[in-house]
Amino acid sequence: MTSLASTRMSIPFFRYPHLFAQQREEILKAITAVMDRGAYILQNDLVEFESALASFTGAKHALGVANGTDGLNIALRAAGIGAGDEVIVPSHTYVASAASIHFADARPVLVDCGPDHMIDPSAVAAAVGPRTAAIMPVQLNGRTCDMDALQAIADRHGLAPIEDAAQALGSKFKGRNAGTFGIAAEFSFYPAKVLGCFGDGGGLTTNDSAMARKMSLLRDHGRDENGLVVTWGLNSRLDNLQAAILNVKFQHLELEIARRREIARLYREGLQDVEDFVVPPGPDDDPDHFDVYQNYEVESGQRDALRRQLEEDGIRTIIQWAGKPIHQFEGLGLGGANLPVTDRLFTRCFLLPMNTSLTNEEVEYICERIRKFHG
Ligand SMILES: Cc1ncc(COP(=O)(O)O)c(C=O)c1O
């Protein structure tokens with residue numbers, strides 16, 4: 001990467017209008033078609049989307065739900081998890097992962113992450129106890145965890161992994177897609193996600209037909225194909241209008257993932273030799289992992305000063321979860337956990353802009369400013 005003469009740029013963390021601008025005509029056509037048909041709830045666009053999600057991930061079944069958090073909650077309930085149960089989940093995740101467990105009446109047991117920022121399998125093994133009913137691996141930042149290690153622990157204790165793949169559509173471990181491990185998996189289609197709609201949206205995948213049926217009932221008032229109520233359920237359907245938008249976006253997904261991987265390669269080339277600065281693995285560094293780079297989470301030993309300097313340079317960065325992992329949010333009553341790797345990480349980590357609106361020149365400018373700061 002060549003060094004830029006640094007003319008000041010202005011680079012937001014995310015450009016929401018870009019989500020519409022890049023496929024404006026196609027999206028308007030899809031929205032208009034839905035509205036002309038008056039097809040809003042549980043209609044064909046949703047069925048089409050569910051079949052696209054199943055075939056893209058390689059899962060046998062896929063369902064659209066109202067958002068990722070509901071998706072996780074529905075998967076937990078369908079797996080029979082409830083009062084008295086514990087579910088092991090990393091503390092370095094969105095509060096939604098733990099909230100879905102809490103609202104299934106179970107208890108989230110927060111564990112540490114490893115140096116790769118992902119749930120640490122040895123911490124999971126140590127946390128398994130008599131009440132453990134499930135493990136929730138979080139496929140964080142667009143990377144799928146080492147599922148061999150987690151599955152081995154799950155098998156040893158007869159537990160079911162329920163994947164939080166909210167950030168990881170399209171990512172793979174050993175050639176297998178996020179969303180196909182364990183008993184069920186959830187995706188989020190929040191606008192800023194790798195595949196994002198224009199509001200809230202979520203998906204569920206599973207290879208287990210009984211789970212698919214239970215999750216389908218749970219997301220629609222417990223109603224079967226004939227509309228008869230056969231059990232208690234929620235109202236958590238993916239809107240048909242959002243499904244129609246996602247059907248358009250799906251056609252561009254592979255290209256968008258390729259662009260994210262290209263940006264990650266540029267960042268890595270530009271930043272890997274910077275002292276006291278840690279970048280994620282490059283897209284071709286580990287044949288076991290195919291990463292989609294939902295986020296680009298870096299570490300700096302001088303994080304706060306660096307972020308202030310980047311702000312002055314016109315570059316917006318953020319720290320995930322507003323700067324705290326879940327065990328540090330006092331209001332949740334989940335404190336007291338001894339999670340030294342996560343605690344240290346949260347004095348160092350932050351996110352650089354990572355989205356398909358970024359130009360190579362912008363990425364180059366960001367790298368150049370970081371290199372200059374770190375001297
Ligand atoms: C790791 C993780 N889990 C769960 C969720 C919840 O998804 P949603 O916002 O669609 O409810 C998100 C979304 O931001 C997430 O990043």
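Remember, it's 1-based here, ligands and their atoms both numbered in the order they're listed.
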Is it the case that atom CZ in R316 sees more than 12 heavy atoms from other parts of the structure closer than 6.0 Å? no
Closest to atom 12 (C) of ligand 1 among F189, Y94, F187 (heavy-atom distance): Y94
NZ/NE/NH1/NH2 to OD/OE distance under 4.0 Å, D285 and R268: yes
Would you check whether Q167 has a nitrogen or oxygen atom less than 3.5 angstrom from a nitrogen or oxygen atom of ligand 1? yes
Below 4.0 Å from any atom of ligand 1, is there a heavy atom belonging to T93? yes
Check whether F277 forms a cation-pi arrangement with R348 (NZ or CZ under 6.0 Å from the six-membered ring centre, at most 45° off the ring normal). no
In the protein, which heavy atom is nearest to atom 15 (C) of ligand 1, and how far is it? A166 CB, 3.5 Å
Provide the number and element of each atom of ligand 1 under 4.0 Å from a heavy atom of A96. 4 (C), 5 (C), 6 (C)
For atom 4 (C) of ligand 1, the protein heavy atom that lies nearest, with its residue and separation: D164 OD2, 3.5 Å
Contact between ligand 1 and G201 is defined here as a heavy atom of the residue under 4.0 Å from a ligand atom; is it met? yes
Has ligand 1 got any nitrogen or oxygen that is less than 3.5 angstrom from a nitrogen or oxygen of T69? yes
Can you confirm whether Q167 sits close enough to V194 that some side-chain heavy atom of one is under 4.5 Å from a side-chain heavy atom of the other? no
Out of N44, N240, D45, which one pairs with R37 under the side chain to side chain donor-acceptor pair (under 3.5 Å) rule? D45
Near S97, which atoms of ligand 1 are under 4.0 Å from a heavy atom of that residue? 3 (N)
Indicate yes or no: does an N/O atom of S188 lie under 3.5 Å from an N/O atom of ligand 1? yes
Cation-pi check, R176 onto F181 ring (under 6.0 Å, within 45° of axis): yes
Could you tell me whether the side chain of R260 and the main chain of T356 form a donor-acceptor pair under 3.5 Å? no
Could you work out, with salt bridge (charged side-chain N to carboxylate O under 4.0 Å, His left out) as the rule, every residue matching D148, not counting sequence neighbours? K174
Can a non-hydrogen atom of K193 be found less than 4.0 Å from any atom of ligand 1? yes
Mind checking whether L140 has an N or O less than 3.5 Å away from an N or O of ligand 1? no
Contact check, G202 vs ligand 1, heavy-atom distance below 4.0 Å: no
Does Y296 have its ring centroid less than 6.0 Å away from the ring centroid of F350? no
